[in-house]
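Protein chains get the first letters and strands the later ones, always in sequence-line order, with residue 1 at the start of each.
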Amino acid sequence: MCGAVRPSDSGQKAVLMGWVNRRRDLGSIIFIDLRDRSGVTQVVFNREQNAVLHDKAEQLRNEYVIAVIGQVKKRDADTFNPNIATGEVELVAEELRILNVSKQLPFLPSDTVLPNEEMRLKYRYIDLRRDAMQFNIETRHKVSMAVRDYLASQGFYEIETPFMTRSTPEGARDYLVPSRVQPGSFYALPQSPQLFKQILMISGFDRYFQIVRCFRDEDLRADRQPEFTQIDLEMTYPQQESVWAVVEGFLTAAFGAMGHKIKTPFPRMDYDEAIRQFGIDKPDLRLPAFTDVRDCFTAEDLQELAIHPDLPVIAIRTPKVGELSRKERDDIKPMFVAKGGARVFEDFKRISNKFPAAAAKIAEKAGMAENDLIVLVVGSAQIAASSEHAHRKVTPQELAIYASAGLLRVALAQKYAERHGLFVKTGDLEKDFRFVWVTNFPMYEWDESERQWMAAHHPFTSPHEEDMPKLENGAQTVKDPKSALSEVRARAYDVVLNGTELGSGSIRIHRQDIQSKIFQSLGMTDEEARTRFGFFLEALEYGTPPHGGIALGLDRIVMILAGADSLREVIPFPKTARAVDLMVDAPTPVSEAQLKDLGIQIKKPVG
RNA sequence: GGGGACGUAGUUCAGUUGGUUAGAACGCUGCCCUGUCACGGCAGAGGCCGCGGGUUCGAGUCCCGUCGUCCCCGCCA
C-alpha cells in the first residue's frame, strides 16, 4: 500500500492504487503523491525515460483514482523527504491506468486550511479522506476491537438487543417508529438497552456486553449526538468493585491499543466530595480544586463585601494566567452563570488592596503562585436562610454556589488554556489522562418544577443497604423536600476522564419488593408501575440474580483519544446541532401514501 | 424554549465614517519549467456579498425579518 513502501523494497516491482493527493509538474518530470488509507508515496513520471507515459500523466488532476505499475527506487539522499514515512523511496512509473476522474472538488483532502463544517458534512466522503479523519476512524476501530477482545476474554458474550422496542415515558424523549401493522401504535428506539440487559441477566447469560447504538431525541451539544454508541455491559453477582475492574481492564486495553499505558485502579471520589471540591459531578482533575477561603475573612470583611457568612467562599485558581486587563476581567463576567444568588469577584487585586490580610491568607491557602489567577465565588448576603434542606450534606444553597463556581472554573480553564497549558498532552499519562470514579451518588434529586423527588440515575438502581430504612415512608414523603429520601445513597458510579463523563452504571435492584418500593417512593402507584414496566416487574419475580453493570460512551472515549473537541470528528456520518444529516439531507417529509399506510396524518403548522 | 458568534469567488478570508470597476491566498484553465515534495514563474476564467424587506441620491457595509452552521443555558432518568 501507498504508506508501506520502504527502502528495503527498492528494486521491487510494485502496483499502487489510490488517489492523486497532489501533483507537481516540473515540465519534463511529474511527481504525483499517491494516497490511500495507509499514507502517500511519491510516483515519478520522467519524459526522458518514457514520453508516452509522461504525456498520459499530464492529464492527472487532484483526486483522480489511478493505478501505477512501477519499480520502487531508493531516492538520492539529497532528495529525501523527512516529513513522510515513505520519504526515502519513490515509485518510478512504468504503466499508468486512470481508473476514474474527478471534477473540481469543493475542497481537497490535502488542503491545509479546513472548510467550514457545513461543507465538510455535506461532502462527508471527501472530508473523511483527510488524514485526520482517517486517523480518527481508525482509532475508533482499534478501540472497538480492543474492547471486544478484552471483554470476550473475560467471559462476556456479545448479545444484540432490539432497536424497535417499547417507549418508556421516563428520561429523554424517544425517537418513535410507527407501526404499519398496528396503526396508531409506535415502537421507540432505545435510549439504552437498560431493561434488555437486565433481562439477559435474568435469562442466565451471566456476563453480557454490546457495542450498541442508542437514541435520544434531545438538543445536541459538541459532546452529544442524537444517536451515539455505548459500550454496554452487565454482569451477575457483582460488587461495585468488580464492575470497576472490568471497566479499568477494557479501558487499559483500549488506551493500550493507541499506545497509552494507563494506570489502574482509578482514584475514587464521593459525589459530595466532587461537588465540594469541583462543583460538578465530572471533575477535571488536571486543574486545581476549589479552596474554601471563608475563614480567611473576618466577620466584618464578609459583611462589608456582602458575602453570606454561612455559605462557602470559593477560590478558583487558574495557574499562569497572568494579570488580567480591565477588558479581560469584563469578559469573565458573562462567563459566570449565577445560580441561586451566587456572586463572582473577578478582581482579586481589589480584594488585596482593601483586605490585604485576607488576601494573603487566601493566596497561602489556595497555593497561589505568581501569575496565578484567583477568582472568588460567594453566596450573596441576601440569600434567604432556609432550613428546608439543612440536614443534607450539601444543601441546595451550597450546591448553587459550588455549581456556579464549577462552571466558571471550567470556562476559565478553557478560555486561558493556552496560558496554563494543562490541557496539552505531555506524554506523561498520569497527567494527560486523569481518570476518576465518582461514587455514592444520591438516589434522589429534588425537582423544583415538579416539587418532588426524582430518581437521579434511573429507577432500577439499588440503594445502599444501610439506607434502606429511609425508603420506608418514601411514598408519603416524595413531595416533601425534607424527606429522608434525600439521604438515600445509590450504588451508582460514573467513570470520568478529564472532566468528561465517560460512563455511568450501577448495581441494580434484583428483588421485586424493593423495586416496587422504589417506584412507590417516586410517587408511582402499583398500577402505573405495572403499565410502564409490567413485563420487567414480572421478570423480577422469577428468580433474578443480583446484577449490575455500566455503559460507556464509545464516541467520547475516541474523541479524547483522538484529541478532538467534538463528537462529529469521530463519528463518520454525524448530525448538525439541529439533528440534520447534511449529506443525505435527513430528516425529510414523506409521501401521503406512506403516511396513509401508517395511519398518520400531519397537522400542518398554522400559516 | 432562551442567549451569543458567523454567513462575501470552488474554498479560506479581507473589504475603512455608507460612495466609482468588490480584493488576496489556495484551488481551477492555459503556457513555461528535469528533482520537486504546501514546487516555482507568466497569463486567464470565476461574485444573487445566504435569502426577503426597509432606511438612503447611493447598501457587502445601517435597520427589521428569515434561513443555515457553530457554541452555551434549559433539556439529556
Exercise. Is any side-chain nitrogen or oxygen of T112(A) closer than 4.0 Å to OP1 or OP2 of A38(B)?
Worked result: no
Exercise. Which part of the nucleic acid does E118(A) contact within heavy-atom distance under 4.0 Å: base, sugar-phosphate only, or nothing?
Worked result: sugar-phosphate
Exercise. Is any side-chain nitrogen or oxygen of R24(A) closer than 4.0 Å to OP1 or OP2 of U36(B)?
Worked result: no
For this session: Write down the distance separating the P atoms in U21(B) and G41(B), rounded off to the nearest Å.
Result: 32 Å
Exercise. Using the C1' atom in both, what is the distance from U55(B) to G15(B), to the nearest Å?
Worked result: 22 Å
Any N/O pairs under 3.5 Å between the protein and nucleotides 42-45 of chain B? List them or say none.
none

If you restrict it to nitrogen or oxygen atoms, what contacts under 3.5 Å exist between nucleotides 4-7 of chain B and the protein, and what is each distance?
none

For this session: Could you please name the partner base of C62(B), counting Watson-Crick and G-U wobble pairs only when both distances are under 3.5 Å?
Result: G54(B)
Seminar exercise, completed: Rounded to whole Å, CD1 of I84(A) lies from P of C37(B) at a distance of 12 Å
Problem set entry | Complement of C31(B), any strand, by Watson-Crick or G-U distances under 3.5 angstrom | G41(B)
Exercise. With both distances kept under 3.5 Å, what pairs with G47(B), Watson-Crick or G-U wobble?
Worked result: none
Problem set entry | Euclidean distance for P, C49(B) against G7(B) (whole angstrom) | 15 Å
Exercise. Just to confirm, is there a sub-4.0 Å distance from OP1 or OP2 of C39(B) to any side-chain nitrogen or oxygen of R22(A)?
Worked result: yes
For this session: Respond yes when some side-chain nitrogen or oxygen of R61(A) is under 4.0 Å from OP1 or OP2 of U29(B), and no when none is.
Result: yes
For this session: Could you tell me which nucleotide pairs with G7(B) by Watson-Crick or G-U wobble geometry, both distances under 3.5 Å, or answer none if nothing does?
Result: C67(B)
Exercise. In whole Å, what is the span from the CZ atom of F215(A) to the C1' atom of C75(B)?
Worked result: 20 Å
For this session: Could you tell me how the ring of F460(A) sits relative to the ring of H458(A): parallel (under 30°), tilted (30 to 60°) or perpendicular (over 60°)?
Result: tilted
Exercise. In whole Å, what separates the C1' atom of U17(B) from that of C13(B)?
Worked result: 23 Å
Exercise. CD1 of I32(A) versus P of A38(B): gap in Å, rounded?
Worked result: 15 Å
For this session: Select base, sugar-phosphate, or nothing to describe what E90(A) touches, counting heavy atoms under 4.0 Å on all strands.
Result: base
For this session: Output the single nucleotide from U34(B), A38(B), C39(B) whose closest atom is nearest the side chain of S28(A).
Result: U34(B)
Exercise. Contact class for R120(A) (heavy atom, under 4.0 Å): base, sugar-phosphate, or nothing?
Worked result: nothing
Problem set entry | Candidates R508(A), Q198(A), H510(A) - the one meeting side chain to side chain donor-acceptor pair (under 3.5 Å) with H547(A) | Q198(A)
Exercise. To the nearest angstrom, how far is R23(A) atom CZ from G40(B) atom P?
Worked result: 12 Å
Exercise. Rounded to whole angstrom units, what separation is found between the CG atom of L60(A) and the P atom of C37(B)?
Worked result: 19 Å
Every protein N/O lying under 3.5 Å from an N/O of nucleotides 72-74 of chain B:
{"from": "C72(B)", "atom 1": "OP2", "to": "A222(A)", "atom 2": "N", "distance (Å)": "3.4"}
{"from": "C73(B)", "atom 1": "OP2", "to": "R221(A)", "atom 2": "NE", "distance (Å)": "2.9"}
{"from": "G74(B)", "atom 1": "N7", "to": "R221(A)", "atom 2": "NH2", "distance (Å)": "2.9"}
{"from": "G74(B)", "atom 1": "O6", "to": "R221(A)", "atom 2": "NH1", "distance (Å)": "3.0"}
{"from": "G74(B)", "atom 1": "O6", "to": "R221(A)", "atom 2": "NH2", "distance (Å)": "3.4"}
{"from": "G74(B)", "atom 1": "N1", "to": "D219(A)", "atom 2": "OD2", "distance (Å)": "2.6"}
{"from": "G74(B)", "atom 1": "N2", "to": "D219(A)", "atom 2": "OD2", "distance (Å)": "3.3"}

For this session: Determine the Euclidean distance between corresponding P atoms of C32(B) and G50(B); express it in Å to zero decimal places.
Result: 40 Å
Problem set entry | Verdict with reasoning, Y444(A) to S521(A), per side-chain hydrogen bond (donor to acceptor under 3.5 Å, both in side chains) | CA-CA 10 Å; Y444(A) 299 90; S521(A) 75; 2.5 Å; yes
Tabulated below should be each protein N or O lying under 3.5 Å from an N or O of nucleotides 11-13 of chain B; please produce it.
{"from": "U11(B)", "atom 1": "O4'", "to": "P106(A)", "atom 2": "O", "distance (Å)": "3.1"}
{"from": "U12(B)", "atom 1": "OP1", "to": "N116(A)", "atom 2": "N", "distance (Å)": "2.6"}
{"from": "U12(B)", "atom 1": "OP1", "to": "N116(A)", "atom 2": "ND2", "distance (Å)": "3.2"}

Exercise. F215(A): what forms a ring pair (Phe, Tyr, Trp, His ring centres under 6.0 Å) with it, not counting sequence neighbours?
Worked result: F163(A)
Exercise. Side chain of R578(A): nearest nucleotide among G68(B), G27(B), C71(B)?
Worked result: G68(B)
For this session: Take atom P in G4(B) and the same atom in A22(B), then report the distance between them in whole Å.
Result: 34 Å
For this session: Calculate, to the nearest 0.5 Å, the distance between atoms CG and CD1 belonging to L540(A) and I202(A) respectively.
Result: 5.0 Å
Exercise. Which part of the nucleic acid, if any, lies within reach of D76(A) when heavy atoms closer than 4.0 Å are counted: base, sugar-phosphate only, or nothing?
Worked result: nothing
Problem set entry | Under-4.0 Å side-chain N/O to phosphate OP1/OP2 contact, N62(A) with C28(B) | yes
Problem set entry | Nearest-nucleotide 5' precedence on RNA chain B, H458(A) against R568(A) | R568(A)
Seminar exercise, completed: I29(A) atom CD1 is separated from U34(B) atom C1', nearest whole Å, by 5 Å
Seminar exercise, completed: Separation of C33(B) atom C1' from R47(A) atom CZ, nearest Å, is 10 Å
Exercise. Is F460(A) touching bases, backbone alone, or none of the nucleic acid, heavy atoms closer than 4.0 Å?
Worked result: nothing
For this session: Would you indicate which nucleotide in C70(B), U34(B), C76(B) comes nearest to any side-chain atom of L26(A)?
Result: U34(B)
Exercise. Which part of the nucleic acid, if any, lies within contact of A411(A), taking any heavy atom under 4.0 Å across all strands shown: a base, the sugar-phosphate backbone alone, or nothing?
Worked result: nothing
For this session: Using the test ring pair (Phe, Tyr, Trp, His ring centres under 6.0 Å), find all partners of Y271(A) that sit at least two apart in sequence or belong to another chain.
Result: F441(A)
For this session: Pick the C1' atom in A59(B) and in U8(B), then give their distance to the nearest Å.
Result: 14 Å
Seminar exercise, completed: Judged by nearest nucleotide, the residue sitting upstream toward the 5' end of RNA chain B, Q49(A) or D25(A), is Q49(A)
For this session: For G19(B) versus G35(B), give the span between their P atoms, rounded off to a whole number of Å.
Result: 50 Å
Problem set entry | Spacing between H54(A) atom NE2 and G35(B) atom P, to the nearest angstrom | 12 Å
